[in-house]
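This report concerns only the one structure given below.
On a predicted model such as this, the values are computed, not experimentally measured, just so you know.
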Amino acid sequence: MKREIQKQLVKAVFDDIHSDRVKKVIIDSDAGCEIDDQFAILYALCAKDKMDVLSINAAPVGVPEDFEKNMLMGYEEINRVLGKLRGAENIPVYHGGRVPIEVTGDIVHSPAADNIVKTVMESDERIYVLGLGGATNIASALLTQPKIAEKMCVVWL
């Protein structure tokens, strides 16, 4: 029975991805580490016929001693990118986790993880979370509220 439910969920997501519906998106980005995320953010914001970017989270990445610093650099970079794009100043940006989930062995509470949970729980349609960095925010959101797995699709690079 569980396998059949999983198949149905995969089919529903597959059908939705290929539909013409504008997808509601949260970007979870480590923009402070490399230049690729800035292009991904710009593309997503310009693809208004495909995506509605609801918010952007600063994703932490790197070794434990640099984790918080990298997340904060990413947060600043995301805001710098949004500040250069007309109409993007209203997109909320959230701080991500400050320690790796591998270090805590449990949920890493952050505004970014809370944002994922709140956005998905309040939505009446599937939310796509585009993971462009470490998965601490996404994993913490799923651990905080496992029910969101039914209403979101994570696309992680």
Side-chain angles (χ1 to χ4, degrees), residues 1-34 36-37 40-41 43-45 47 50-75 77-79 82 90-157:
M1 183 64 143
K2 185 177 179 183
R3 187 128 174 100
E4 187 57 37
I5 292 170
Q6 288 173 332
K7 283 182 183 179
Q8 290 173 0
L9 184 58
V10 168
K11 182 180 179 339
V13 170
F14 185 80
D15 290 346
D16 188 44
I17 286 174
H18 289 90
S19 76
D20 290 335
R21 180 178 73 80
V22 175
K23 306 328 182 255
K24 292 184 184 247
V25 170
I26 296 172
I27 299 174
D28 199 68
S29 165
D30 65 348
C33 295
E34 299 152 343
D36 59 323
D37 290 35
I41 291 167
Y43 179 83
L45 292 171
K50 304 275 185 208
M51 292 181 259
D52 177 13
V53 178
L54 303 174
S55 59
I56 304 177
N57 295 332
V61 69
V63 295
E65 53 271 12
D66 293 336
F67 214 65
E68 182 175 14
K69 178 184 77 161
N70 290 342
M71 182 276 295
L72 292 171
M73 284 181 3
Y75 180 84
E77 182 64 13
I78 292 164
N79 280 302
L82 295 179
N90 295 327
I91 296 172
V93 180
Y94 296 92
H95 284 104
R98 295 176 184 267
V99 295
I101 202 166
E102 298 86 357
V103 168
T104 65
D106 201 359
I107 298 166
V108 176
H109 296 283
S110 69
D114 293 343
N115 171 51
I116 294 170
V117 171
K118 182 179 188 299
T119 303
V120 173
M121 292 300 290
E122 291 178 355
S123 179
D124 53 358
E125 55 187 87
R126 187 173 323 296
I127 301 294
Y128 287 83
V129 180
L130 308 181
L132 307 176
T136 295
N137 298 333
I138 299 167
S140 293
L142 285 161
L143 288 169
T144 299
Q145 181 51 266
K147 286 177 142 182
I148 64 173
E150 299 168 14
K151 293 178 61 181
M152 75 181 215
C153 177
V154 177
V155 181
W156 184 41
L157 300 176

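- Atom-to-atom distance recorded for E77:CD and E34:CD is 12.0 Å, nearest 0.5 angstrom.
- Atom NZ of K151 has more than 12 neighbouring heavy atoms from other residues, nucleotides or ligands inside a 6.0 Å radius.
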Kindly list each side-chain donor-acceptor pair under 3.5 angstrom involving residues 7-14, sequence neighbours excluded, with atom names and distances?
unit_1, atom_1, unit_2, atom_2, d
K11, NZ, D15, OD2, 2.7

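- Between M71 atom CE and R98 atom CZ the span is 4.0 Å, to the nearest 0.5 Å.
- By the 4.5 Å heavy-atom criterion applied to side chains, K69 and L72 are not counted as neighbours.
- Screening residues 123-136 for salt bridge (Lys or Arg N to Asp or Glu O under 4.0 Å), with sequence neighbours left out, gives D16-R126, R21-E125.
- Between V154 and M152, the shortest heavy-atom contact is CG2-CE, 3.3 Å.
- For W156 against G133, the heavy-atom pair with the smallest separation is NE1-O, 2.6 Å.
- No donor-acceptor pair under 3.5 Å is formed between the side chain of N57 and the backbone N or O of G96.
- Partner of I91 under the side chain to side chain contact (heavy atoms under 4.5 Å, CB included) criterion, out of L54, N79, I56, I41: I56 alone.
- Evaluation of the side-chain hydrogen bond (donor to acceptor under 3.5 Å, both in side chains) test over residues 131-146, restricted to residues two or more places apart or in two chains, returns D28-N137.
- Annotation for I27 and A44: closest pair CD1-CB, 3.8 Å, computed over non-hydrogen atoms.
- Taking the side chain as every heavy atom from C-beta outward, I127 and I26 approach each other to under 4.5 Å.
- Side-chain contact between M121 and I148: present, with at least one pair of heavy atoms (C-beta onward) separated by less than 4.5 Å.
- Here the shortest heavy-atom pairing between A58 and I78 reads CA-CD1, 3.9 Å.
- Shortest non-hydrogen contact noted between V108 and G97 is CG1-CA, 3.7 Å.
- In this structure, Y43 and M51 have side chains that are in contact, with non-hydrogen atoms separated by less than 4.5 Å.
- The CG atom of D66 sits 9.0 Å away from atom SG of C33, with the distance rounded to the nearest 0.5 Å.
- Between Y94 and I116 the shortest side-chain heavy-atom distance does not fall below 4.5 Å.
- Note that CG of D30 and CG of D37 are 4.5 Å apart. Values are rounded to the nearest 0.5 Å.
- Between the side chain of S123 and the main chain of T119, no donor-acceptor pair closer than 3.5 Å is present.
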